[in-house]
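Side chains are part of it too, since the values below use all heavy atoms of this structure and drop only hydrogens, waters and symmetry mates.
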Amino acid sequence: HRIYKSIKPEIILRLEEFKELWKTGSEKDVFKELIFCLLTPQSKAEKCWDAVKNLEERDLLFNGNVNEIANELKNVRFRFNKSRYILEARKKFVVNGNPKIKKQIKELENIFDARDWLVENVKGLGYKEASHFLRNIGIGENLTILDRHILKNLKLSGVIDEVPKNLPGKIYFEIERKMIEFSQKVKISISHLDLVLWYKEAGKIFK
């Protein structure tokens with residue numbers, strides 16, 4: 001609560017920025033967030049976002065081949081696998097150079113269906129990455145982003161007994177349920193609690 005009090009205004013501002021992206025952001029902006037979330041597993045978020053910006057500046061986000069993209073991912077782990085994920089995402093969502101993601105998501109019934117659909121249809125996205133993407137485009141406030149920072153602090157808080165080595169759907173949903181119950185207990189909304197725990201570990205609020 002001490003941390004939350006000190007950063008609550010920043011949390012509110014950041015969540016409003018995410019919501020604004022969904023309301024007024026372009027399809028390209030949404031696609032960039034998808035690519036960012038494809039890059040984040042086992043890599044630093046800031047480095048991943050820098051890589052996305054570099055790809056955009058070099059006109060590789062929509063046009064680069066596997067090797068050209070991988071060359072811009074030198075600070076991202078598993079860069080060749082992730083460059084292939086980017087090409088797969090382009091094939092699925094980009095038509096004649098124009099990405100179409102918002103339209104696809106709007107056709108789904110609710111945010112949980114959207115997350116399931118992303119996990120099933122976007123190579124490289126697990127439940128954590130899909131939740132992260134939906135939160136970053138302003139529509140996933142009720143989802144948990146169970147990355148290593150969050151899991152470590154859930155264990156320290158006694159919410160879980162141990163940090164799992166893998167997060168298949170069944171385990172992800174169980175920990176998500178426990179985190180939601182914890183958020184209700186400490187009276188910090190789930191979207192705010194996520195950023196509090198991330199800040200506690202990383203010392204900053206990013207994306």
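Looking at N121, its side chain does come within 3.5 Å of a backbone N or O of W117 through a donor-acceptor pair. A donor-acceptor pair is defined here as one N or O able to donate and one able to accept, closer than 3.5 Å; no such pair exists between the side chain of R79 and the backbone of E72. Between the side chain of Y172 and the backbone N or O of T144, at least one donor-acceptor pair lies under 3.5 Å. Between the K82 side chain and the P41 main chain, a donor and an acceptor come within less than 3.5 Å of each other. When atom types are taken as modelled, the side chain of S157 and the backbone of L154 share no donor-acceptor pair closer than 3.5 angstrom.
Taken together through direct or relayed side-chain contacts under 4.5 Å among Ile, Leu, Val, Met, Phe, Trp and Tyr, F18 and I12 form parts of separate hydrophobic clusters. Cluster annotation: F78 is not connected to F80 through the hydrophobic network of ILVMFWY side chains, with a link wherever side-chain heavy atoms come within less than 4.5 Å. No path of Ile, Leu, Val, Met, Phe, Trp and Tyr side chains, each step under 4.5 Å between heavy atoms, connects I160 with L156, placing them in separate hydrophobic clusters. In the hydrophobic clustering of ILVMFWY residues, with side-chain heavy atoms under 4.5 Å counting as a link, I205 and I145 come out apart.
A centroid separation of less than 6.0 Å is found between the aromatic rings of F62 and F31.
The closest side-chain heavy-atom distance from K178 to E174 is below 4.5 Å. Between K128 and T40, the closest side-chain pair of non-hydrogen atoms falls below 4.5 Å. I3 is not listed as a side-chain neighbour of L197, based on a closest heavy-atom distance of 4.5 Å or more. Side-chain contact check for K28 versus E56: some heavy-atom pair is nearer than 4.5 Å. Between H192 and L15, some side-chain heavy-atom pair lies under the 4.5 Å cut-off. Taking 4.5 Å as the limit, every side-chain heavy atom of K100 sits out of range of all side-chain heavy atoms of F93. Residues L73 and S83 have side chains in contact (heavy-atom distance under 4.5 Å, counting atoms from C-beta outward). For the pair V186/H1, a side-chain contact is recorded, criterion being any heavy-atom separation below 4.5 Å from C-beta on.
No more than 12 heavy atoms of other residues, nucleotides or ligands sit less than 6.0 Å from atom CG of D161. Heavy-atom contacts from other residues, nucleotides or ligands closer than 6.0 Å to CD of E109 number 12 or fewer. More than 12 heavy atoms of other residues, nucleotides or ligands lie within 6.0 Å of NZ in K207, so this atom counts as buried by the packing criterion.
Looking at N153 and W198, their side chains never bring a donor and an acceptor atom within 3.5 Å of each other. No hydrogens or angles considered: a donor-acceptor pair under 3.5 Å links the side chains of S131 and R115. Side-chain contact annotation: D194 with S191, donor-acceptor N/O pair under 3.5 Å absent.
A cation-pi contact, defined as under 6.0 Å to the ring centre and within 45° of the axis, is absent between K204 and Y199.
Between the CZ atom of R135 and the CZ atom of R14 there is a distance of 9.0 Å, given to the nearest 0.5 Å. Between the SG atom in C37 and the NE2 atom in H132 there is a gap of 4.5 Å [rounded to 0.5 Å]. Taking CG of N136 as the reference point, atom CG of L21 lies at 8.5 Å (rounded to 0.5 Å). For the atom pair CG (L34) and CZ (R90), the distance works out to 12.5 Å, reported to the nearest 0.5 Å. The distance from atom NZ of K23 to atom NZ of K102, rounded to the nearest 0.5 Å, is 11.5 Å. The distance from atom CD of E176 to atom CG of L167, rounded to the nearest 0.5 Å, is 11.0 Å.
Checking E27, K92, E33 one by one against I101, the side-chain contact (heavy atoms from CB on, under 4.5 Å) holds for a single residue, E27. The residue from Q184, K185, R177 that alone fulfils the side-chain hydrogen bond (donor to acceptor under 3.5 Å, both in side chains) condition with E181 is R177.
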Could you check L55 against I86 for side chain to side chain contact (heavy atoms under 4.5 Å, CB included), going step by step and ending with a plain yes or no? CA-CA 11 Å; L55 288 171; I86 291 173; 4.1 Å; yes
Given the rule in the side chain to side chain contact (heavy atoms under 4.5 Å, CB included) test, do D116 and Y127 qualify, once you have shown the distances and angles that lead to the verdict? CA-CA 8 Å; D116 288 341; Y127 282 98; 3.4 Å; yes
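Shown here are the side-chain contact (heavy atoms from CB on, under 4.5 Å) partners of N65, two or more places apart in sequence or in another chain: N67, E68.
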